[in-house]
**Student:** 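For reference, the structure I am asking about is given below.
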Amino acid sequence: MATSSQQMETSAFTHRHFTQMAAFSSGTPLRVIAHVDLDAFYAQCEMVRLGVPEDVPLAVQQWQSLIAVNYAARKFGVTRQINITEARKLCPQLVAQHVATWHPYRFESRKILAAMKEVLPPPPLQRVEKAGIDEVFLDLSAQVHSIMLVSFPVLSAAMAPGADPSARLPPPPITALDWKSDHLVDLDEAEEIKDPDWDDIALSIGADIIREVRARVREKLNYTCSGGISHNKLLSKLGSAQNKPNKQTVIRGRAVARFLAPIKFTKMRNLGGKLGDQVALEFDTEDINQLLTVPLSSLKSRLGQETGLIKSMLSAKSFRPPIHTRAQAEQWIKIFAADIFSRLVEEGILENRRRPKTVSLHVRHNNLTRSRQIQIPPARPLDEFALVNMGSSLLTQIMSEGEVWPCLHMNMSLPRDPRARIY
Ligand code: TTP
Ligand code: CA
Ligand code: CA
């Protein structure tokens with residue numbers, strides 16, 4: 001279709017929209033949010049560990065079920081929904097790797113996060129939020145803002161003292177944006193012929209950053225991951241799942257309606273009331289209107305996939321021989337606190353409003369287990385130190401109520417908040 005485009009006179013965006021990027025303001029339509037999610041994560045961990053080539057079908061097995069299936073195995077129709085016997089029928093050469101504990105995956109997860117951060121500027125320009133064992137959100141707004149200032153000196157007028165915050169930005173220079181190998185969610189034709197505005201340029205810079213982040217993880221640790229780049233968390237999360245594996249997808253502001261449209265037509269009425277609230281909670285409420293147009297089935301499959309991982313957090317130890325002193329018990333409380341805290345971080349529970357509300361301690365003496373719990377102060381940071389202190393005061397309470405030595409078992413737990421996740 002041959003249509004010449006008209007050079008716009010001003011951008012649709014204001015000085016304020018641009019300057020707000022530097023402060024990670026969620027109010028600016030220019031903000032750049034990315035989501036990066038590892039492909040078939042546990043399966044890749046096993047492939048990397050065992051040196052299994054990419055084209056070998058592999059699944060991670062726990063009891064009879066498959067908890068991760070690599071992309072080579074998915075070609076045979078193997079999915080997480082079938083058991084190992086069915087999988088072997090579909091794919092006789094499937095390598096099934098038993099999982100014993102999650103520690104190695106958590107360790108890999110940490111290394112991957114560190115590798116990602118290597119290509120990012122240090123905070124405060126960097127803002128990375130772990131959102132699960134194999135995924136992160138990155139708010140790239142401030143970094144993109146700083147790159148835009150350097151690449152487009154015309155934008156510095158917006159930052160000048162005395163600049164009118166509500167004045168429109170000048171139009172961006174007409175440049176062909178280079179999206180490299182990215183997948184772009186298509187625009188309607190009417191939109192496609194319009195010149196790109198600063199929001200497109202911001203996303204394109206964000207996409208460059210994410211390409212680099214993914215390349216570093218691949219070069220350094222040999223893991224592939226997928227990315228979504230957009231203006232908010234919901235869209236970037238949907239984007240990263242869109243073209244797996246090893247691809248990144250950009251959802252431009254002008255493409256949102258079209259992107260969500262096919263999702264919108266099915267069972268809309270499934271999402272309402274309480275569930276809608278939970279979903280909004282999950283996504284920081286900012287996108288409730290868009291979220292409410294997404295049917296439950298796709299939310300469940302696309303957003304709720306990690307619900308299996310987060311049970312209540314429990315760290316426990318049985319003592320054979322039993323322990324006899326408070327000092328010994330305190331040592332264990334420190335270990336429990338460290339374990340629970342690292343899991344809170346790994347699973348992205350500290351961010352948003354998904355914080356656990358209480359800590360409890362169980363102590364077993366002979367055949368009697370006593371327990372106490374306390375509220376976690378909502379205003380203060382929940383760190384390892386705070387967990388140790390709470391554990392220690394729970395122990396004091398329990399000890400004041402009766403004999404605990406010799407002690408045969410102790411555990412510390414954070415009961416999960418039933419509203420904290422989508423089921
Ligand atoms: P996901 O990111 O949901 O899935 P995935 O990484 O296996 O595959 P994809 O390429 O589609 O992202 O989960 C991350 C890891 O969490 C997964 O590799 C295994 C684990 N997991 C479970 O143990 N049980 C579950 O029910 C789910 C959904 C995941
Ligand atoms: Ca994944
Ligand atoms: Ca994931």
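Counting convention: from 1, in listed order, for ligands and their atoms alike.
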**Student:** Are any of the heavy atoms in Tyr71 under 4.0 Å away from ligand 1?
**Tutor:**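 It does; at least one heavy atom falls under 4.0 Å.
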**Student:** At a 4.0 Å cut-off, with the gap strictly under it, does some heavy atom of Ala40 reach an atom of ligand 1?
**Tutor:**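 So Ala40 counts as touching ligand 1.
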**Student:** Verify ring-ring contact (aromatic ring centres under 6.0 Å, His included) between His145 and Phe18, making sure each step is shown before the conclusion.
**Tutor:** CA-CA 7 Å; His145 175 268; Phe18 179 61; 4.3 Å; yes
**Student:** Which part of Ile67 is near ligand 1, with near meaning a heavy atom under 4.0 Å away: side chain, backbone, both or neither?
**Tutor:**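 Both parts.
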**Student:** Could you pull out the atom name of the N/O/S atom in Glu135 that is nearest the Ca ion (ligand 3)?
**Tutor:**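 Answer by atom name: OE1.
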**Student:** Any carboxylate oxygen within less than 4.0 angstrom of a Lys/Arg side-chain nitrogen, looking at Lys233 and Glu129?
**Tutor:**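 The answer is yes: the pair qualifies as a salt bridge.
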**Student:** Angle at the Ca ion (ligand 2) between O of Leu38 and OD1 of Asp37, to 10°?
**Tutor:**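 That angle is 80°.
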**Student:** Please classify the Arg74 to ligand 1 contact at 4.0 Å (heavy-atom distances, strictly less than): side chain, backbone, both or neither.
**Tutor:**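 The answer is the side chain of Arg74.
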**Student:** Quick one: does Lys130's side chain get under 4.5 Å of Ser109's, heavy atoms only?
**Tutor:**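 They are in contact (side-chain heavy atoms under 4.5 Å apart), so the answer is yes.
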**Student:** Could you list which atoms of ligand 1 come closer than 4.0 Å to a heavy atom of Asp134?
**Tutor:**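 So the answer, numbered in order with elements, is 2 (O), 6 (O), 14 (C).
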**Student:** Do Asp37 and Lys244 sit within salt-bridge range, that is, some charged N less than 4.0 Å from a carboxylate O?
**Tutor:**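 Here Asp37 pairs with Lys244 in a salt bridge, since their nearest N and O are under 4.0 Å apart.
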**Student:** Please identify which atoms of ligand 1 are closer than 4.0 Å to at least one heavy atom of Phe41.
**Tutor:**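 The atoms of ligand 1 under 4.0 Å from a heavy atom of Phe41 are 5 (P), 6 (O), 7 (O), 18 (O).
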**Student:** Please indicate whether any nitrogen or oxygen in Asp39 is less than 3.5 Å from any nitrogen or oxygen in ligand 1.
**Tutor:**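 In fact, backbone or side chain, Asp39 has no N or O that close.
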**Student:** Which atom, among the N/O/S set of Asp134, is closest to the Ca ion (ligand 2)?
**Tutor:**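 Nearest N/O/S atom of Asp134: OD2.
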**Student:** Please confirm whether Ile133 comes within less than 3.5 Å of ligand 1 when only nitrogen or oxygen atoms on both sides are compared.
**Tutor:**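 N/O-N/O distance under 3.5 Å: no.
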**Student:** Ala68 heavy atoms, cut-off 4.0 Å: which ligand 1 atoms fall inside?
**Tutor:**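 Taking each heavy atom of Ala68 in turn, ligand 1 has 18 (O) under 4.0 Å.
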**Student:** Does Val60 approach ligand 1 within less than 4.0 angstrom via side chain, backbone, both or neither, non-hydrogen atoms only?
**Tutor:**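 For Val60, there is no contact with ligand 1 at all, from either part.
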**Student:** Measuring from non-hydrogen atoms of Arg80 to any atom of ligand 1, is the shortest distance under 4.0 Å?
**Tutor:**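 Contact present.
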**Student:** Is the His17 ring parallel, tilted or perpendicular to the Phe13 ring (thresholds 30°, 60°)?
**Tutor:**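 It falls in the perpendicular class, over 60°.
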**Student:** Could you state the interatomic distance from NZ (Lys180) to OG (Ser204), rounded to the nearest 0.5 Å?
**Tutor:**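 These two atoms lie 7.5 Å from each other.
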**Student:** Quick one: does NZ or CZ of Arg127 land under 6.0 Å from the six-membered ring centre of Phe24, within 45 degrees of the ring axis?
**Tutor:**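 Satisfied, under 6.0 Å and within 45°.
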**Student:** Find out whether Val69 and Tyr42 are in side-chain contact, i.e. whether some heavy atom of one side chain is under 4.5 Å from a heavy atom of the other.
**Tutor:**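 Not in contact.
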**Student:** Using the side chain to side chain contact (heavy atoms under 4.5 Å, CB included) definition, which of the options Arg110, Arg106, Lys111 pairs with Glu108?
**Tutor:**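 The option that passes is Lys111.
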**Student:** Indicate yes or no: does Arg216 engage Glu212 in a salt bridge with an N to O separation below 4.0 Å.
**Tutor:**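 Answer for the salt bridge query: no.
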**Student:** For Leu38, counting its heavy atoms only, list the atoms of ligand 1 lying under 4.0 Å from any of them.
**Tutor:**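 What qualifies from ligand 1 is 6 (O), 10 (O), 12 (O).
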